[in-house]
Colleague: 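Just dropping this structure here.
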Amino acid sequence: MTVSQIDEEVAKLLQLKAQLGGEDGKHVFVLKTAKGTRDYNPKQMAIREKVFNTIIGCFKRHGAETIDTPVFELKETLTGKYGEDSKLIYDLKDQGGELLSLRYDLTVPFARYLAMNKITNIKRYHIAKVYRRDNPAMTRGRYREFYQCDFDIAGQYDPMIPDAECLKIVYEILSELDLGDFRIKVNDRRILDGMFAMCGVPDEKFRTICSTVDKLDKASWEDVKNEMVKEKGLSEGVADQIGEYVSMQGGMDLAERLLQDPKLSQSKQACAGLADMKQLFSYLQLFQVTDKLLAEKVRTTETQVLVASAQKNLLEERLKLTTELWNAGIKAEVLYKKNPKLLTQLQHCEETGIPLVAILGEQELKDGVVKLRKVASREEVDVPREELVEELKRRTSKLP
Amino acid sequence: MAPVAMAYGRVCVGLLLGRAAPCLRALRVLSGMTVSQIDEEVAKLLQLKAQLGGEDGKHVFVLKTAKGTRDYNPKQMAIREKVFNTIIGCFKRHGAETIDTPVFELKETLTGKYGEDSKLIYDLKDQGGELLSLRYDLTVPFARYLAMNKITNIKRYHIAKVYRRDNPAMTRGRYREFYQCDFDIAGQYDPMIPDAECLKIVYEILSELDLGDFRIKVNDRRILDGMFAMCGVPDEKFRTICSTVDKLDKASWEDVKNEMVKEKGLSEGVADQIGEYVSMQGGMDLAERLLQDPKLSQSKQACAGLADMKQLFSYLQLFQVTDKVLFDLSLARGLDYYTGVIYEAVLSQMIQAPVVAEQNGALPGDEASVSVGSVAGGGRYDGLVGMFDPKGKKVPCVGVSIGIERIFSIMEQKAELLAEKVRTTETQVLVASAQKNLLEERLKLTTELWNAGIKAEVLYKKNPKLLTQLQHCEETGIPLVAILGEQELKDGVVKLRKVASREEVDVPREELVEELKRRTSKLP
């Protein structure tokens, strides 16, 4: 049979089926939407419009463009991209033309769009519905038609800057939507893989162990360890080693610590990932989002001023001034170092959030003044020693 | 190739010896097969087809969208956003709410609603669940929504994509996935006021979009049916003759008459009588004249339609839109569900050049090439919602669908002709540096601007050249650039430069946000 002969026979059979199906002109009263889909009523649309406006406003603030793609793609385009999830794709009926499927996400269409148009650099957002034939019994409350809202930066750039901007955008959106407090967790595929390798996980089990570790946000360590050992075949010893690492949380400090970790530092991958993680956090600090990243930027002390020195052999003078401030009820600190570098003292202020630094130097001591500097802006002014306490009280009463 | 050919040969032989014979025989004895047997045979045949097609597991790098569909690039999206804002602004001005419905409906919901056009519906594959089809328009989903939620009164707009398996060879330039933009008023009201408001909305939208001159043709299903009856068309041919008459906006009377006589079986005499009426156009005066027409006045239907037409025009006068509205007896509109007034808006260029000019090799810039058919259409459909209600409760509706794809197409062509620069981002300022090692400062300043709600960008490069940064501004239309340098940092200022004029001024860092807000509030 030729393809067209087959088409003809198929059409005849389907016609027959339709007749048998009782399509005899009687109207069936169908008052439902398809399983897993729903209408949006005007109230829901009003809320949706507000949320979209906030989110799109943020994307536009960061200079993103938008695109749109068709609701269905050629079946071939989606084939082989979703692994185990492929069975959840909606296919269109073969009606004699191309084989089509409804889009499953916005990422594969994005990749197709980039390749088709030979685009190497773009910052784009795309808000549209996607389709998955989820079994509602398995995943209660999951819709089969639902919105996705993607933001992506494609292109070769200096490392970690675009990555940091993505996190800044998430931070801004969640803040503006006023959903309450939130946290953004970050990690790196290379750190994970390096960790698995150093703990003794065989290469071919990396991805499947990864899936198991991923369940830690919903299940206990006992359950997860159980799955690793009983279902995925790891030894208890390996599982325990993984357990030690996956309980760690922190900020740039954790990245620095792990670079010194005896096991992890032996993995080239992990080291690359950790170095990039440090870089990421440095940009995140500039973007002022580290408070919501698992790093303690929330101030744990209330120190108002650090007493510092620019030159050597001034420990005594620092301690004297610090004592004066303490006696006057001002919250002050001094580094436990005879000859600390000025930079080190300033960094301490930045890390712990101390807003002011009182700097002593040979000349200042001769002139009877103290250099009072705002850590954030670096604005500096010379204050007579006897007026320092009053000046500090004035300034710190205005701070939040 | 060889393995595929061998498989083909083997299957072919198998079919001839095994499947084909009983299969073909069975088809000649249709009544003998059950539904599941049919499904089985269809599946086998489709599998065979797939094999013939060469699906041998190799990765084909497919770089195309499905036939009849397209991506929207950022420029097109920017135009689209402007058009939507104008249209939605108009709907909101008239007090409409909005809803959204799923992209597919139960197949049963769409069955029997679209007449001859039903063959253009996209079905989803039977994957073991409900039988589904992609929505063909937004009107049937609307009727289902009203019945489902027992709503009797609503003024709603709905902008979303719909799907039709049009054959592109027949209708050049027609997409299979395209936006519809619907506005409908549902509910029992005093006659013709909502109908008139729909026309007022079409008038406002087409005027605000600046598409040039346009005309809105109106007619009435009852007048058409009355006319057909009085001309001698048999009842059962009304709808099909209606479809044929509908082609008058694209084909000549000769072709249309030909179809009526040769394909639809009307006598020449009947066709000629129809021909006399459908050439008539006018305003309220035509309605009055036809009420006196010897043939037409004998049809109760036609008289009801004509009376309402008069009433409509009186309201249109109050709404100040009669300069562009025409009562046109050739307007038919193909869909099954219209019960009263029907209308269609066309851009004036189209009236003289109905055939899509690009087929004739018209050059861009020619008036005739910037046009592709009607830009809005609609009417009254009182029986549709009742079809969905178990008790058959009627909810009268009237509405209009704006042909937004055609409008996009026109706006895109306009932008190109006028060499208009369409910005795809709304960035107000680029934070740049003239020297090296200032990434940190750039990121800090950008963060300050974002935190203050200012639309800002920074290049993802540690040490970009100033020229590169300025070029980025020129390419993407960013109007301002805030330049940081060693000296500026020491002095606590930022160099704010207008990209176009290169005018530069030093702004104190702490005043920058305010200065930017001031400048950007004046921009369009």
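The model shown is predicted, which means the values in this text are computed figures rather than measured ones.
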Colleague: Go through the atoms of A:Ile89 and report whether side chain, backbone, both or neither lie under 4.5 Å from a heavy atom of chain B.
Modeller: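 Just its backbone gets close to chain B.
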Colleague: Less than 4.5 Å to any heavy atom of chain A: does that hold for the side chain of B:Ile454, its backbone, both, or neither?
Modeller: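 Looking at B:Ile454, just its backbone touches chain A.
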Colleague: Does the separation of the ring centres of A:Phe72 and B:Tyr122 fall below 6.0 angstrom?
Modeller: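 Aromatic pair counts; centres sit under 6.0 Å.
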Colleague: Pick whichever of B:Glu105, B:Arg70, B:Glu448 has the most heavy-atom pairs under 4.5 Å with chain A.
Modeller: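 Heavy-atom pair counts peak at B:Arg70.
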Colleague: If you count every heavy atom of other residues, nucleotides or ligands that lies below 6.0 Å from B:Lys461 atom NZ, does the total exceed 12?
Modeller: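 Result for NZ/B:Lys461: open.
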Colleague: Could you go through B:Thr65 and B:Asp71, starting from their C-alpha distance and side-chain angles, then the distance that decides it, and tell me whether this counts as side-chain contact (heavy atoms from CB on, under 4.5 Å)?
Modeller: CA-CA 8 Å; B:Thr65 50; B:Asp71 298 318; 3.7 Å; yes
Colleague: So do B:Arg442 and B:Leu445 actually touch side chain to side chain, heavy atoms under 4.5 Å?
Modeller: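 No, too far: nothing below the 4.5 Å cut-off.
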Colleague: Between chain A and each of B:Glu457, B:Lys75, B:Arg423, B:Arg509, count heavy-atom pairs under 4.5 Å; write down the option with the most.
Modeller: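 Sorted descending by pairs with chain A, the first entry is B:Glu457.
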Colleague: Side chain, backbone, both or neither: which part of A:Ala64 has a non-hydrogen atom closer than 4.5 Å to chain B?
Modeller: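 Backbone of A:Ala64 only, per the 4.5 Å heavy-atom cut-off to chain B.
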Colleague: Between B:Thr446, B:Asn451, B:Leu430, B:Leu132, which shows the greatest number of heavy-atom pairs under 4.5 Å with chain A?
Modeller: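 Winner by heavy-atom pair count: B:Asn451.
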Colleague: Looking at A:Asp158 and B:Lys462, is any side-chain nitrogen of the basic one under 4.0 Å from a carboxylate oxygen of the acidic one?
Modeller: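 A salt bridge is absent here (no side-chain N lies under 4.0 Å from a carboxylate O).
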Colleague: List the steps, then state whether side-chain hydrogen bond (donor to acceptor under 3.5 Å, both in side chains) holds for B:Tyr175 with B:Asp166.
Modeller: CA-CA 7 Å; B:Tyr175 289 105; B:Asp166 259 327; over 6 Å; no
Colleague: Considering heavy atoms only, which positions within residues 52-60 of chain A lie below 4.5 Å of chain B?
Modeller: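 Against chain B, the residues of residues 52-60 of chain A that fall inside the cut-off (heavy atoms, under 4.5 Å) are A:Lys60.
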Colleague: Stepwise, does the side-chain contact (heavy atoms from CB on, under 4.5 Å) test hold for A:Lys123 with A:Glu165?
Modeller: CA-CA 11 Å; A:Lys123 190 194 269 185; A:Glu165 187 169 18; 3.3 Å; yes
Colleague: Could I get the full list of salt bridge (Lys or Arg N to Asp or Glu O under 4.0 Å) partners for B:Lys161, not counting sequence neighbours?
Modeller: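 Testing B:Lys161 for salt bridge (Lys or Arg N to Asp or Glu O under 4.0 Å), a comparison that skips the adjacent residues, returns A:Asp68, B:Glu177.
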Colleague: Heavy atoms only, distances under 4.5 angstrom: which of B:Lys455, B:Arg156, B:Glu440, B:Lys444 has the most pairs with chain A? Name it, please.
Modeller: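 If we count pairs closer than 4.5 Å to chain A, B:Lys455 comes out on top.
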Colleague: Measure distances from A:Glu49 to the heavy atoms of chain B and classify the residue's part below 4.5 Å as side chain, backbone, both or neither.
Modeller: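 Contact with chain B involves the side chain of A:Glu49 alone.
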Colleague: Could you tell me whether the side chain of A:Pro42 reaches within less than 4.5 Å of the side chain of B:Ile99, counting heavy atoms only?
Modeller: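 A side-chain contact under 4.5 Å exists here.
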Colleague: For B:Gln127, is it the side chain, the backbone, both, or neither that has a heavy atom closer than 4.5 Å to a heavy atom of chain A?
Modeller: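 When you check distances to chain A, atoms from both the backbone and side chain of B:Gln127 fall under 4.5 Å.
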Colleague: Is any NZ, NE, NH1 or NH2 atom of the basic residue among B:Lys67 and A:Glu98 found under 4.0 Å from an Asp or Glu carboxylate oxygen of the other?
Modeller: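 Between A:Glu98 and B:Lys67 there is no salt bridge, as every charged N stays at least 4.0 Å from the carboxylate O atoms.
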Colleague: Under 4.5 Å, counting heavy-atom pairs only, tell me which of A:Met45, A:Gln44, A:Arg378 racks up the most with chain B.
Modeller: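 That would be A:Met45.
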Colleague: Between B:Glu441, B:Arg80, B:Glu97, B:Lys64, which has the largest tally of heavy atom pairs under 4.5 Å with chain A?
Modeller: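 Highest number of pairs under 4.5 Å: B:Lys64.
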Colleague: Look at the aromatic rings of A:Phe287 and B:Trp450 and report parallel, tilted or perpendicular, splitting at 30° and 60°.
Modeller: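 Rings of A:Phe287 and B:Trp450: tilted, as their planes differ by 30° to 60°.
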Colleague: Which bit of B:Ile151 is near chain A, if near means a heavy-atom gap under 4.5 Å: side chain, backbone, both or neither?
Modeller: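 No part of it gets close to chain A.
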Colleague: If you count heavy-atom pairs under 4.5 Å between each of B:Val103, B:Asn73, B:Leu449, B:Thr69 and chain A, which one has the most?
Modeller: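 When all of B:Val103, B:Asn73, B:Leu449, B:Thr69 are compared, B:Val103 has the most.
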Colleague: Charged N to carboxylate O under 4.0 angstrom, B:Lys107 versus B:Asp123?
Modeller: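 A salt bridge links B:Lys107 with B:Asp123.
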